[in-house]
Amino acid sequence: MQKINRRNLLISSVAAYTVTGLNLAQAHTTPAEYTINIRKFKFEPDHIDVHIGDTITWVNQDLVAHTATAEAGDWDTEMLEKSQSKSLQVTKGMTGEYFCVFHPHMKGTINIK
Amino acid sequence: MKIKTTLLAAGFIASMVGVAHANDPAKLNDLEIAHVAYIADNIDIRYAHLALAISSNPAIHDFAKTMIRDHTAVNEQALALLAKLDAQPQDNFLSQSLQENAEKLITEMSALRGAAFDKFYAENELAYHKAVNDLVGNTFIPNIENAEVKSLFEAGLEIFQAHEHHAEMMVGEVN
Ligand SMILES: [Cu+2]
């Protein structure tokens with residue numbers, strides 16, 4: 001019963017989202033938006049708990065360019081210059097560690113709830 | 001190699017400290033300090049271009065590209081600020097001694113190949129960023145008068161400290 005309710009909510013609130021192959025147990029009813037600031041060579045926050053379908057926006061507040069790039073190589077904001085930002089919708093493969101390819105000691109993690 | 005690099009770093013710092021009686025870095029004005037920073041940025045960009053030309057190590061290439069990208073970004077900010085303040089950077093003894101030192105090192109590095117070059121470049125990057133960060137953090141920032149120039153140097157120091165950290169990692173990789 002609860003599963004059906006969640007499913008209905010999901011379909012009505014995120015109609016554009018493709019349900020095919022989506023693990024309903026991991027899906028969240030209302031997609032949330034998160035901002036990660038890149039400031040002073042740090043991802044702030046450096047750890048984030050999200051649900052599939054949420055959106056994460058990385059904002060570069062430094063003078064120099066950075067990236068947020070998956071350690072496993074399956075997602076990448078690509079180069080973010082000063083004041084640039086990039087939003088990515090959370091997909092199943094995004095869980096785990098990421099880093100800045102230009103400054104490899106800059107690290108962050110994404111945990112999918 | 002370790003001993004040589006330590007001597008190199010010590011020599012670099014001593015060459016700056018040694019002239020302190022006649023020429024004191026703490027007595028430079030903001031426009032002279034801006035000139036030193038601009039020269040220091042350009043020196044690291046030259047080292048990086050040399051590394052791209054000589055090294056075949058991907059980690060060295062990535063690091064060198066980051067040095068070019070970041071130091072160019074800092075220089076652009078510095079030039080924009082000077083233009084806004086309608087000021088010209090002023091050449092001085094410290095800019096000249098940095099430049100002379102760099103010429104010698106570039107000649108020396110140009111003769112190296114393979115792992116010998118990579119080691120020298122990585123260790124020099126670590127020593128160079130350490131020396132510059134010491135100068136910027138302990139001498140320049142406390143003496144800069146203009147608030148906007150000071151805040152640009154504070155941002156610059158954070159960037160160069162990140163480079164120092166990155167250079168440490170790279171030294172570990174090539175050793
Ligand atoms: Cu970075």
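Both backbone and side-chain heavy atoms feed into the values below; hydrogens, waters and symmetry mates do not. The sequence lines fix the lettering, A, B, ..., with proteins before strands; numbering per chain opens at 1.
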For Asp62(B), which atoms come within 4.5 Å of any heavy atom of chain A: side chain, backbone, both, or neither?
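For Asp62(B), no heavy atom lies under 4.5 Å from chain A.
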Check whether Glu158(B) gets within reach of chain A through its side chain, its backbone, both or neither, counting any heavy atom under 4.5 Å.
both
Give the cluster check for [X] versus [Y]: same hydrophobic cluster or not, with ILVMFWY residues linked at side-chain heavy-atom distances below 4.5 Å.
{"X": "Met109(B)", "Y": "Leu98(B)", "result": "yes"}
{"X": "Ile68(B)", "Y": "Leu50(B)", "result": "no"}
{"X": "Tyr34(A)", "Y": "Ile36(A)", "result": "yes"}
{"X": "Leu88(A)", "Y": "Phe43(A)", "result": "yes"}

Closest heavy-atom pair, Met169(B) versus Pro104(A), reported as atoms and distance to 0.1 Å, is CE-CB, 4.2 Å
Spacing of [atom1] belonging to [X] relative to [atom2] belonging to [Y], to within rounding of 0.5 Å:
{"X": "Phe102(A)", "Y": "His166(B)", "atom1": "CZ", "atom2": "NE2", "result": "11.5 Å"}
{"X": "Arg69(B)", "Y": "Glu81(A)", "atom1": "CZ", "atom2": "CD", "result": "9.0 Å"}
{"X": "His66(A)", "Y": "Asp70(B)", "atom1": "NE2", "atom2": "CG", "result": "7.5 Å"}

Close side-chain approach of Leu63(A) and Leu152(B), heavy atoms under 4.5 Å:
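Yes, at least one pair of side-chain atoms sits under 4.5 Å.
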If you count every heavy atom of other residues, nucleotides or ligands that lies below 6.0 Å from Lys150(B) atom NZ, does the total exceed 12?
yes
Are there over 12 heavy-atom neighbours, none belonging to Gln88(B), within less than 6.0 Å of that residue's CD?
no
